[in-house]
There are 2 protein chains.
Amino acid sequence: MNGAATREHIVEAADRLFYQRGYEHTSFADIAAAVGLSRGNFYYHFKSKDAILDAVIATRLAGTRHMLRQWENEHPTPSGRILRFVEIVLTNGPDIQQYGCPVGTLNTELAKLGHTMRGQARELFTLFRDWLREQFTELGHADQADELAMHVLAFSQGVAVLSHAFADEEFVRREVSRMRDWLSTYEK
Amino acid sequence: MNGAATREHIVEAADRLFYQRGYEHTSFADIAAAVGLSRGNFYYHFKSKDAILDAVIATRLAGTRHMLRQWENEHPTPSGRILRFVEIVLTNGPDIQQYGCPVGTLNTELAKLGHTMRGQARELFTLFRDWLREQFTELGHADQADELAMHVLAFSQGVAVLSHAFADEEFVRREVSRMRDWLSTYEK
DNA sequence: GGGACTCTAGGACGGTTGTCCTAGCACCGT
DNA sequence: ACGGTGCTAGGACAACCGTCCTAGAGTCCC
């Protein structure tokens, strides 16, 4: 098999497992079993577990950038784009209910571990924060764009944590509706 | 030394360490070192790590119940009590910034581990949820009391996650102020 | 003084962790 | 046919994990 393809498979499996079970609770053996490789052979592709995490975060960053660019194409207005972000807790509802927010839970875990790669995980948040800020700026609220961006981000994290804890879909729907109303007061 | 006192010291140290480093990332050796006991001797007081977690959660539940009762004494009006809860992200600001919300992070971790004690950790959330619901009911919004309680809970979790990730105190202050305004629209 | 009870230290156990090493497979251009 | 390269399997490694066991302090009551 192609080496680059195997590497991609590893990152893919690690990404999923890190999200579902957490970084620390996922062992090399788990990833190896998921990909179908022998445990020891791993070090040909990645020289440490941190290196896999590094690749996983890089993949997520690239994927997020791609998604945001796609949202910009699909929704012409900034308020439509912000709403698209808000609704992520619905479109990804089942995953969030089972595993929480991939960005939030990773940040929380790495912070508690005192992990070196904490800063790069935070970059995932920053990506959304900057993008949301741009949308609010375009909406004509440049003066408080960052504050509003953080508010929307806080909404998504709060909903994700409680959806994860209580598995209550109706709650998520109500919060989104509440957010939609709030957002409409900021439209031009 | 008294055995009951030692047991209390263990729970105390475990409580702190579980909060600061996470449950899984805290080993018996860590707790033993913190209390000043030998590793093996632990099993005289607790027959398993889960048993310690059980005791820690029980302690937190009791402590939370005590705190809520105290808030009821200190604040005569339901809106004052709700505001007291909202301001917890300020009064516990430094801890939350460093380690996140003790309730939220524990729930998230135990859920990812698929831990048996997940249900008892959720009870910590339920305690606040029920208490907030009572306050909103007393405020004259019995019909949507639970929804409002969950909204306030979501606020606290969202703020905690982002405060933990970005260590931005000003953001917390702004969100609290925003919440104060929202709350005032529900006062009698 | 002697036995029972409470509490402790220290080490042994089997298993798992991340890491590393080596031997060998398949395929390549020459 | 052949040496080199890319990739793999399998096991060894030291360290750590949660768990368990035993021997012995210290203290109390009879």
Side-chain angles (χ1 to χ4, degrees), chain A residues 1-58 106 109-110 112-118 120-121, chain B residues 1-58 106 109-110 112-118 120-121:
Chain A
M1 192 197 292
N2 190 347
T6 306
R7 194 189 144 96
E8 207 171 313
H9 283 158
I10 293 175
V11 174
E12 214 169 274
D15 190 355
R16 199 182 62 248
L17 288 172
F18 288 172
Y19 175 38
Q20 296 177 351
R21 312 187 191 179
Y23 171 69
E24 196 184 21
H25 193 238
T26 301
S27 72
F28 266 174
D30 293 334
I31 306 175
V35 183
L37 284 182
S38 74
R39 198 170 56 268
N41 181 28
F42 248 87
Y43 280 70
Y44 178 77
H45 300 279
F46 292 96
K47 74 179 211 300
S48 76
K49 198 181 173 186
D50 288 2
I52 301 185
L53 178 61
D54 198 10
V56 166
I57 294 180
L106 182 67
E109 184 181 1
L110 293 187
K112 290 228 180 195
L113 297 183
H115 200 284
T116 331
M117 219 126 339
R118 187 194 169 180
Q120 308 185 49
Chain B
M1 190 196 292
N2 190 347
T6 304
R7 194 189 144 95
E8 207 171 312
H9 283 158
I10 292 175
V11 174
E12 216 169 273
D15 191 354
R16 200 182 61 247
L17 289 172
F18 288 171
Y19 175 38
Q20 296 176 351
R21 313 185 189 180
Y23 171 68
E24 196 183 23
H25 193 238
T26 301
S27 72
F28 265 26
D30 293 334
I31 306 175
V35 183
L37 284 181
S38 72
R39 198 169 55 268
N41 181 29
F42 247 86
Y43 281 70
Y44 178 78
H45 300 280
F46 292 97
K47 75 178 211 301
S48 77
K49 198 182 173 185
D50 288 2
I52 300 186
L53 178 61
D54 198 10
V56 166
I57 293 180
L106 183 67
E109 183 181 2
L110 293 188
K112 290 227 180 194
L113 297 183
H115 200 283
T116 332
M117 219 125 342
R118 186 193 169 181
Q120 308 186 48

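Note on naming: letters A, B, ... go to the chains in the order of the sequence lines (proteins, then strands), and numbering restarts at 1 for each one.
Here D:dA15 presents its P atom at 20 Å from NZ of A:Lys49, a figure rounded to the nearest Å. Taking atom CZ on A:Phe42 and atom C1' on D:dC7, their separation rounds to 14 Å, with Å as the unit. The interatomic distance linking A:Phe28 (CZ) with D:dG11 (P) rounds to 19 Å, in whole Å. Atom NE2 of B:His115 and atom P of D:dG18 are 11 Å apart (whole Å). Between A:Phe46 atom CZ and D:dT8 atom C1' the separation is 16 Å, expressed in whole Å.
Considering CG of B:Leu53 and CG of B:Asp15, their distance stands at 10.0 Å, rounded to 0.5 Å. Put simply, NE2 on B:His9 and CD1 on B:Ile31 are 14.5 Å apart, with the number rounded to the nearest 0.5 Å. Considering CZ of A:Arg21 and CZ of A:Arg16, their distance stands at 8.5 Å, rounded to 0.5 Å. Expressed to the nearest 0.5 Å, how far CG of A:Leu110 lies from CD1 of A:Ile57 amounts to 6.0 Å.
Contact annotation: A:His45 reaches the phosphate of D:dT8 (side-chain N/O to OP1 or OP2, under 4.0 Å). In this structure, B:Tyr44 reaches the C:dC7 phosphate: one of its side-chain N or O atoms is under 4.0 Å from OP1 or OP2. Regarding contacts with the backbone of C:dT19, a side-chain N or O of A:Tyr43 is found under 4.0 angstrom from either OP1 or OP2. Taking side-chain N and O atoms only, B:Thr6 has a distance below 4.0 Å to OP1 or OP2 of C:dT8.
By the neighbour-count criterion of 12 heavy atoms within 6.0 Å, atom CZ of B:Arg39 is sparsely surrounded, having that number or fewer from other residues, nucleotides or ligands.
Judged as a ring pair (Phe, Tyr, Trp, His ring centres under 6.0 Å), and not counting sequence neighbours, the contacts of A:Tyr43 are A:Phe28. Partners of B:Asp50 under the salt bridge (charged side-chain N to carboxylate O under 4.0 Å, His left out) rule, at least two apart in sequence or in another chain, do not exist in this structure.
The A:Asn41 side chain lies nearest to D:dA9 when the options are D:dT19, D:dA9, C:dT19. For A:Ala29, the listed nucleotide lying nearest its side chain is C:dT17; candidates were D:dT19, C:dT17, D:dG10. You'll find that the side chain of A:Leu37 is closest to D:dT8, out of C:dT8, D:dT8, D:dT19. Of the listed nucleotides (C:dT8, D:dA12, D:dG18), D:dA12 has the atom at the smallest distance from the side chain of A:Arg39.
Residues from residues 12-27 of chain B with heavy atoms under 4.0 angstrom of DNA chain D, sorted by number: B:Thr26, B:Ser27.
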